[in-house]
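Below is one structure, written out as structure tokens; the observations come after it.
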Amino acid sequence: MKTCILATAAILATATTLAQEAAPTAPAAPATAPAATAEQFETAARNLMNCIRELDATLQSVKDTASADAAAPKVKELVAKMNAVSAENEKLGEPAPEIQAQVEKAIGAEFQQTMESLGNTMRPIAMNGFYDSAALTEAIAPLLYGGAQ
């Protein structure tokens with residue numbers, strides 16, 4: 001039970017981290033890099049949001065050990081994809097406040113709904129100890145413990 005509670009806390013922390021990342025707040029780009037546009041930041045945030053949606057859809061099938069084991073390869077693939085998308089997003093640098101506001105206005109509510117859906121999907125999986133699936137636990141661990149940030 002303690003493990004389930006810790007896993008749930010990690011999921012919620014991850015959701016917060018991903019939500020913050022999707023509202024493009026990556027580190028500042030080198031001074032020589034051209035400034036990214038609002039469209040580029042919105043595209044970057046949408047790319048991450050789409051990865052999260054795919055992860056959510058994949059995890060919605062997890063109801064027992066067999067389905068958890070079956071979902072694990074796709075989860076592993078999606079976590080790797082999220083890492084790659086996040087790395088690309090970081091290259092954009094820090095958006096100007098007006099650009100960040102534009103992006104948040106354009107997709108903020110949609111992104112929030114996506115994160116809430118993932119949280120709702122993950123909660124029972126975590127509370128059930130990932131259905132004792134070592135494969136799923138291993139596949140999602142980088143996301144829960146800092147790999148997809």
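Computed from a prediction, not measured in an experiment: that's the story for all the values here.
No donor-acceptor distance shorter than 3.5 angstrom exists from the side chain of Glu138 to the backbone of Ala135, with no hydrogens or angles considered.
To the nearest 0.5 Å, atom CG of residue Leu118 and atom CD1 of residue Ile52 are 7.0 Å apart. Summarising the geometry, atom CZ belonging to Arg53 is positioned 14.0 Å from atom OG1 belonging to Thr58; distances are rounded to the nearest 0.5 Å. Atom OG1 of residue Thr43 and atom CD of residue Glu88 lie 12.5 Å apart, to the nearest 0.5 angstrom. The OG1 atom of Thr137 lies 9.0 Å from the CG atom of Asp69; values are rounded to the nearest 0.5 Å. Between Cys51 atom SG and Lys81 atom NZ the span is 4.5 Å, to the nearest 0.5 Å. In this structure, CD in Glu94 is found 10.5 Å from CD1 in Ile99, a value given to the nearest 0.5 Å.
Heavy atoms only, all atoms of each residue included: Ala139 and Val79 are closest at O-CG2, 3.7 Å. Counting all heavy atoms, side chain and backbone alike, Leu92 lies closest to Gln40 at CD1-O, 3.7 Å. Between Leu136 and Ala72, the closest heavy-atom pair is N-CB, 3.6 Å. Heavy atoms only, all atoms of each residue included: Tyr131 and Pro124 are closest at OH-O, 4.1 Å.
By the 4.0 Å N-to-carboxylate-O rule, Glu42 lies close enough to Arg46 to be salt-bridged with it.
Two residues are said to be in side-chain contact when any heavy atoms from C-beta on lie closer than 4.5 Å; Leu59 and Ile125 meet this criterion. When side chains are defined from C-beta on, Glu110 counts as touching Ile107, because their heavy atoms get closer than 4.5 Å. The shortest side-chain heavy-atom distance between Pro95 and Gln102 does not fall under the 4.5 Å cut-off. Residues Phe130 and Val62 have side chains not in contact (no heavy-atom distance under 4.5 Å, counting atoms from C-beta outward). Using a 4.5 Å cut-off on side-chain heavy atoms (C-beta onward), Asn89 and Leu48 make contact. By the 4.5 Å heavy-atom criterion applied to side chains, Lys74 and Leu55 are not counted as neighbours.
Side-chain contact check for Glu54 and Asn50: no donor-acceptor pair (N or O, by modelled atom type) lies under 3.5 Å. With hydrogens and angles left out, the side-chain atoms of Glu104 and Gln100 include a donor and acceptor closer than 3.5 Å. Between the side chains of Asp64 and Ser67, at least one donor N or O sits under 3.5 Å from an acceptor N or O. Checking Thr65 against Asp132 by side-chain atom types alone, no donor-acceptor pair falls below 3.5 Å.
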>> With side-chain contact (heavy atoms from CB on, under 4.5 Å) as the criterion, how do Ser117 and Gln60 come out once you've worked through the C-alpha distance, each side chain's angles and the decisive distance to 0.1 Å?
In response: CA-CA 10 Å; Ser117 180; Gln60 286 178 12; 4.0 Å; yes
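Residue Glu116 places its CD atom among more than 12 non-hydrogen atoms of other residues, nucleotides or ligands, all under 6.0 Å distant.
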